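Predicted model only: the values in this text are computed from it and were never measured. Start at 1 and go down the list; that is how both ligands and their atoms are numbered.
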Amino acid sequence: MKKVPSVLTIAGTDPTGGAGIHADLKTFQECTAYGMAVVTSVVAQNTEGVRNYVNVSLEMLEEQIEAVFDDIYPDAVKTGMIATPEMIEKIASLLEKEDVPLVVDPVMVATSGDSLMEKETVQLMKERLLPLATIATPNISEAEILIGKSIRSLKEAEEAAQQIVEETKVKATIVKGGHLTEEATDILYTDGKWERFSAPRTETKHTHGTGCTFSAAIAAKLARGRSIEEAVSESKTFITNAIAETLAIGKGNGPVNHWASRLKKSDIVVENARQLEG
Ligand SMILES: Nc1ncnc2c1ncn2[C@@H]1O[C@H](COP(=O)(O)OP(=O)(O)O)[C@@H](O)[C@H]1O
Ligand SMILES: Cc1ncc(COP(=O)(O)O)c(N)n1
């Protein structure tokens with residue numbers, strides 16, 4: 001019998017369903033992978049912002065992760081919101097015993113600007129979690145915090161991606177270009193070379209959960225056996241469609257449309273603008 005690819009997210013919640021484990025599970029489903037979820041923090045948030053959160057205990061975090069691995073061994077794992085250094089240490093100590101592709105989305109601040117991580121967590125993420133990971137997916141402000149420098153151009157974003165790989169030993173890093181250019185351009189660095197992934201930018205305020213969705217798609221694609229470059233390229237198309245085909249719901253920054261790729265199969269061609277040899 002053919003094995004079903006399964007993928008696990010270890011992340012926080014969003015009761016309005018646009019970000020966190022909810023966005024991840026919707027994305028896994030759309031990418032035809034069996035989705036599983038371990039909750040790190042229960043977050044009271046909506047499209048307007050984060051109101052409060054509580055972290056699950058370290059014991060409960062461990063028991064959830066063990067319950068998954070003892071039963072359905074995932075083909076890929078992604079991490080999202082991890083609020084404290086102790087939670088990073090617990091997750092790293094469990095995942096370092098496993099052999100599984102790992103996507104680390106270094107969630108620090110929500111789209112609304114609210115912080116989802118204690119300051120001291122960053123250092124431990126660099127020291128303990130990123131060395132175990134296949135790919136890190138910081139946006140510009142997360143990359144700036146990881147390297148301790150500001151990023152004002154695509155060239156600097158390239159340098160940042162390389163620095164994160166070299167400093168932390170993560171296999172690959174994609175720095176999401178944010179608003180550096182007219183197009184939505186992301187920079188991947190792996191195996192000593194850069195690759196740019198560009199797609200048309202949609203003018204919209206409805207970008208709640210874009211980072212969660214993009215990293216979840218990469219994890220699902222890795223679970224399905226894609227290479228890092230293939231996973232990123234296909235996920236870029238997925239997120240571009242999900243943002244373009246807006247749902248326009250919620251009073252604030254609304255969620256993306258996770259089923260958009262079903263409607264728009266290959267309407268949008270993601271252009272690999274160029275490849276730089278390192
Ligand atoms: N308005 C937009 N239109 C098209 N693509 C976008 C838009 N905003 C973000 N993206 C893309 O969505 C993905 C996830 O981005 P996100 O994590 O929100 O980072 P950023 O802070 O760079 O927007 C990236 O591939 C990014 O380039
Ligand atoms: C639980 C949780 N995790 C992550 C985000 C960030 O969301 P975004 O993808 O918009 O950066 C969020 N708002 N809530």
What are the atoms of ligand 1, with element, lying closer than 4.0 Å to any heavy atom of [X]?
| X | result |
| --- | --- |
| A184 | 4 (C), 5 (N), 6 (C), 27 (O) |
| G211 | 17 (O), 18 (O) |
| R201 | 1 (N), 2 (C), 3 (N), 4 (C), 7 (C) |

Nearest heavy-atom pair of [X] and [Y]: which atoms, and what distance?
| X | Y | result |
| --- | --- | --- |
| I72 | M36 | O-CE, 3.5 Å |
| G211 | K176 | CA-NZ, 3.8 Å |
| L154 | T181 | CD1-CG2, 3.5 Å |

If we only consider heavy atoms of [X], is any one of them less than 4.0 Å away from an atom in ligand 2?
| X | result |
| --- | --- |
| C212 | yes |
| G209 | yes |
| T210 | yes |

What is the nearest protein non-hydrogen atom to [atom], stated with its residue, atom name and distance?
| atom | answer |
| --- | --- |
| atom 7 (C) of ligand 1 | I243 CD1, 3.6 Å |
| atom 1 (N) of ligand 1 | T202 O, 2.9 Å |
| atom 5 (C) of ligand 2 | L116 CD1, 3.7 Å |
| atom 16 (P) of ligand 1 | T210 OG1, 3.6 Å |
| atom 11 (O) of ligand 2 | T111 OG1, 3.8 Å |
| atom 19 (O) of ligand 1 | N139 CB, 3.6 Å |
| atom 17 (O) of ligand 1 | K176 NZ, 2.8 Å |
| atom 23 (O) of ligand 1 | G178 CA, 4.1 Å |
| atom 25 (O) of ligand 1 | D186 OD2, 2.5 Å |

Tell me yes or no: between the side chains of [X] and [Y], is some donor less than 3.5 Å from an acceptor?
| X | Y | answer |
| --- | --- | --- |
| S261 | N241 | yes |
| E159 | Q163 | no |
| D105 | T137 | yes |
| S215 | K78 | yes |

Does an N or O from T207, backbone or side chain, lie closer than 3.5 Å to an N or O of ligand 1?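 The answer is no, given that T207 and ligand 1 share no N or O pair closer than 3.5 Å.
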Could you check whether any side-chain heavy atom of V107 comes within less than 4.5 Å of a side-chain heavy atom of M117, counting everything from C-beta outward?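 No, every pair of side-chain atoms sits at 4.5 Å or beyond.
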4.5 Å side-chain heavy-atom contact, I218 and I135: yes
Is ligand 1 under 4.0 Å from a heavy atom in the side chain of P200, in the backbone, in both, or in neither? backbone
Answer with side chain, backbone, both or neither: which part of K236 has a heavy atom less than 4.0 angstrom from an atom of ligand 1?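 The answer is the side chain.
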For the 3.5 Å polar cut-off, considering only N or O atoms, please tell me whether [X] and ligand 2 meet it.
| X | value |
| --- | --- |
| Q45 | yes |
| M81 | no |
| G211 | yes |

Identified salt bridge (Lys or Arg N to Asp or Glu O under 4.0 Å) counterpart of K90 within the set E62, E66, E59: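 So the option named by the test is E62.
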Distance, nearest 0.5 Å, that separates CE of M125 from CD1 of I88: 4.0 Å
Numbering the atoms of ligand 2 from 1, which are under 4.0 Å from a heavy atom of [X]?
| X | answer |
| --- | --- |
| G12 | 1 (C) |
| A19 | 7 (O), 12 (C), 13 (N), 14 (N) |
| V107 | 4 (C) |
| T13 | 1 (C) |

Give a yes or no on whether a salt bridge exists between E230 and K221, defined as a side-chain N under 4.0 angstrom from a carboxylate O.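 Judged by the 4.0 Å cut-off on N to carboxylate O distance, E230 and K221 do not form a salt bridge.
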Salt bridge flag under 4.0 Å for residues E30 and R262: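 A salt bridge links E30 with R262.
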Would you say [X] has more than 12 foreign heavy atoms packed within less than 6.0 Å of its [atom1]?
| X | atom1 | result |
| --- | --- | --- |
| E96 | CD | yes |
| D99 | CG | no |
| Y34 | OH | no |

Is the shortest distance from a heavy atom of I140 to ligand 1 less than 4.0 Å? no
Have a look at ligand 2 and work out which part of V50, if any, has a heavy atom under 4.0 Å from it: side chain, backbone, both or neither.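 Near ligand 2, V50 shows nothing, with every heavy atom at 4.0 Å or more.
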Under a 4.0 Å heavy-atom limit, does N139 contact ligand 2 with its side chain, its backbone, both, or neither?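 Within the 4.0 Å criterion, N139 makes no contact with ligand 2.
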